[in-house]
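Both counts, for ligands and for their atoms, begin at 1 and track the order of listing. Along the sequence shown, residues carry numbers from 1.
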Amino acid sequence: MATPSHDPTSTAAWTALLAHRDALTPDLRGWFDADPGRADRFTVDVADLHVDLSKNLVTDETLELLRDLAEQTGVVDRLQAMFAGERINVTEDRAVLHTALRRPAGLDPLVVDGQDVDADVRAELAKVYAFAGKVRSGEWTGVTGQRIATVVNIGIGGSDLGPVMAYEALAASRQEGLTCRFVSNIDPTDLAETVADLDPATTLFIVASKTFGTLETLTNARLARQWLWDGLGTPEADDERRAAVAKHFVAVSTALEKVADFGIDTDNAFGFWDWVGGRYSVDSAIGTSLAVAIGPERFEEFLAGFHAVDEHVRTTPLERNVPLLMGLLNVWYVNFLGAHTHAVLPYSQYLHRFPAYLQQLTMESNGKGVRWDGEAVTCDTGEVFWGEPGTNGQHAFYQLIHQGTRLVPADFVAFATPQHALVDGDTDVHALLLSNFFAQTKALAFGKTADEVRAEGTAEDVVPARVFTGNRPTTSIMAAALTPSVLGQLIALYEHITFTQGAVWGIDSFDQWGVELGKQLALQIAPALTGDEEALQSQDSSTKALIDWYLAHRA
Ligand SMILES: O=P(O)(O)OC[C@H]1O[C@H](O)[C@H](O)[C@@H](O)[C@@H]1O
């Protein structure tokens, strides 16, 4: 087999797609009119997710050419290499094995570099579940003997966004009387506000950090520890302070020696491995707060959901492989139709943090300008992901999606079963929500012609402003209900969409060097803010002037 090209633009499929794009006039109205089988043919299921791709700006030929592109860029081979534990994260020389976190018991063991990955994953999960069980049952108490009422997860990025998003999404599965909160920002307001009304005696902190070296998290953890000691009136003696920490702090990290340095007993620490990227870690011990909230059984369902999509992506031919197709559609929009952004619009209040979660997953993964072979890319890469729950977005930014000059492909997500079946008089309110979901994708696809506007009696001079061009692409993703399994499926779906795009573009989707420079400079600048004259004078003139202004105005 020929070595797949790392430069997608040099493939025959890319050239063919350019020609195809030039010859194609998107016409969703016409395409649907001429082809009654379109909706059926372009609808694919993955596990419990029902995915309608038919309102995308593609024909059968477009999809065929996109599949050629996947073949000519070696996407499937790379996917198999990922599942097998090859070191596809080349800049960090690491395997990428988040899919191993959700393998069920009873499969042939996955051994990578001599490590029985399955056994390690299961052993760590067992520790997390035992801990979660004790907190849930009240067996785990604080230092004064009271049961834990609030768990505060301290983490940032992948050690925060996944747990908080899933905690919010799975509100219906939470245990009553046990609440989780999340602190991430180094803005001291975050910790101060989060603990303000808490009782230290019934509060337990989970310090979640893959590296256990992240400034924000360690600073917040130290602030929380001081708050605990102060609130409990713990004497300064080392033994008593350690005893309070032992009952009120646990940690999740790949760097267990640093956990011990912080003063957390490693018996109270849950590990994971360098082959789990932070943004791919919610299904590792990083999800401990979630496991406490929903319990081990629901957490297992969550993992099973991921695994169902992993199996689909690994074994389903390209024609019906949903994550691969959705990833290829995104490539089509970014590279051939000029889209710069991608909206994700959940018609579910419980998914209100899902777009924020996806921002890290997609943008930290695919916001790269250099390929894994070290060459600069020759095409655009990662688009900006954004979104808000429907229907809030409809009354805010949908105007631009409907009538603006930018192409904004959008994924609409909805569930058939409400979690609160409220009625307003005779009206089922969930049905109203869903009619908005259906109406928006219909309006975006088919628009409204000038003749249709005129037929409503609109004055001629206002007609142009009231025309909707249509041909605004959407994908509809539905499931029967937002269960732990379905949430796992949704996350895995987007993980593999992200993978597909990165693989086509030939970039390493699993490093994140782009966040390092700012971190280094923040450490270098910090002394300039607290009296180090040399550090202040060494800054560029703009930064120095801003710091001077800050120092002059700080109350
Ligand atoms: O879990 P940690 O090691 O504390 O890292 C937290 C986050 O910070 C980093 O800067 C990375 O950009 C993220 O990928 C990571 O999730």
Side-chain angles (χ1 to χ4, degrees), residues 88-89 91-92 94-98 101 124 128 152-167 182-187 190-191 205-225 249-262 264 269-290 353-354 356-370 382 384-385 491 494-495 498-499 502 507-526:
I88 66 163
N89 176 355
T91 72
E92 295 181 303
R94 287 177 182 168
V96 176
L97 269 176
H98 47 275
L101 297 169
E124 218 50 45
V128 169
V152 180
N153 187 81
I154 301 177
I156 197 164
S159 300
D160 168 70
L161 287 163
V164 70
M165 178 277 287
Y167 176 77
F182 298 83
V183 173
S184 54
N185 200 333
I186 199 165
D187 181 340
D190 198 4
L191 182 89
F205 293 95
I206 300 176
V207 186
S209 174
K210 177 176 171 182
T211 54
F212 225 76
T214 303
L215 180 70
E216 289 87 342
T217 301
L218 292 191
T219 305
N220 279 323
R222 280 189 294 270
L223 292 176
R225 190 174 58 180
F249 274 81
V250 300
V252 182
S253 186
T254 58
L256 294 181
E257 63 300 338
K258 292 192 190 158
V259 170
D261 291 347
F262 182 85
I264 296 177
F270 311 111
F272 61 114
W273 306 270
D274 70 1
W275 39 257
V276 183
R279 53 194 175 275
Y280 297 87
S281 67
V282 62
D283 45 343
S284 71
I286 287 292
T288 297
S289 53
L290 179 68
R353 293 295 286 160
F354 193 55
Y357 170 78
L358 288 184
Q359 286 186 322
Q360 187 196 13
L361 174 64
T362 60
M363 291 158 75
E364 210 171 60
S365 294
N366 287 338
K368 313 279 163 69
V370 170
V384 174
F385 274 75
I491 299 172
Y494 280 93
E495 286 178 351
T498 304
F499 171 90
I507 56 177
D508 183 341
S509 299
F510 301 99
D511 62 13
Q512 58 284 318
W513 298 106
V515 294
E516 292 305 318
L517 178 60
K519 285 189 200 173
Q520 282 167 11
L521 291 183
L523 289 177
Q524 200 185 307
I525 288 172

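- The shortest N/O to N/O separation between T214 and ligand 1 falls below 3.5 Å.
- For ligand 1, the polar-atom distance check against G158 finds a nitrogen or oxygen pair separated by under 3.5 Å.
- Across E216, R279, E364, K210, heavy-atom proximity to atom 12 (O) of ligand 1 is greatest for E364.
- Considering A255, G155, S159 only, the shortest heavy-atom separation from atom 1 (O) of ligand 1 involves S159.
- Protein heavy atom closest to atom 6 (C) of ligand 1, with residue, atom name and distance, is I156 O, 3.2 Å.
- Between F499 and V96, the closest side-chain pair of non-hydrogen atoms is not below 4.5 Å.
- Here L290 contributes atom CG and M165 contributes atom CE; the two are 9.0 Å apart, rounded to the nearest 0.5 Å.
- Remark: aromatic rings of F354 and Y494 are close, center separation under 6.0 Å.
- Here the NZ-CZ distance, from K210 to R279, works out to 8.5 Å after rounding to the nearest 0.5 Å.
- The backbone and the side chain of T211 each have at least one atom closer than 4.0 Å to an atom of ligand 1 (non-hydrogen atoms only).
- Each of the atoms 10 (O), 12 (O) of ligand 1 lies under 4.0 Å from some heavy atom of V515.
- By the 4.0 Å heavy-atom criterion, K519 is counted among the residues contacting ligand 1.
- Atom CG of residue N153 and atom OG of residue S159 lie 8.0 Å apart, to the nearest 0.5 angstrom.
- For the pair R225 and F262, the cation sits on the ring face: its NZ or CZ lies under 6.0 Å from the ring centre, inside 45° of the axis.
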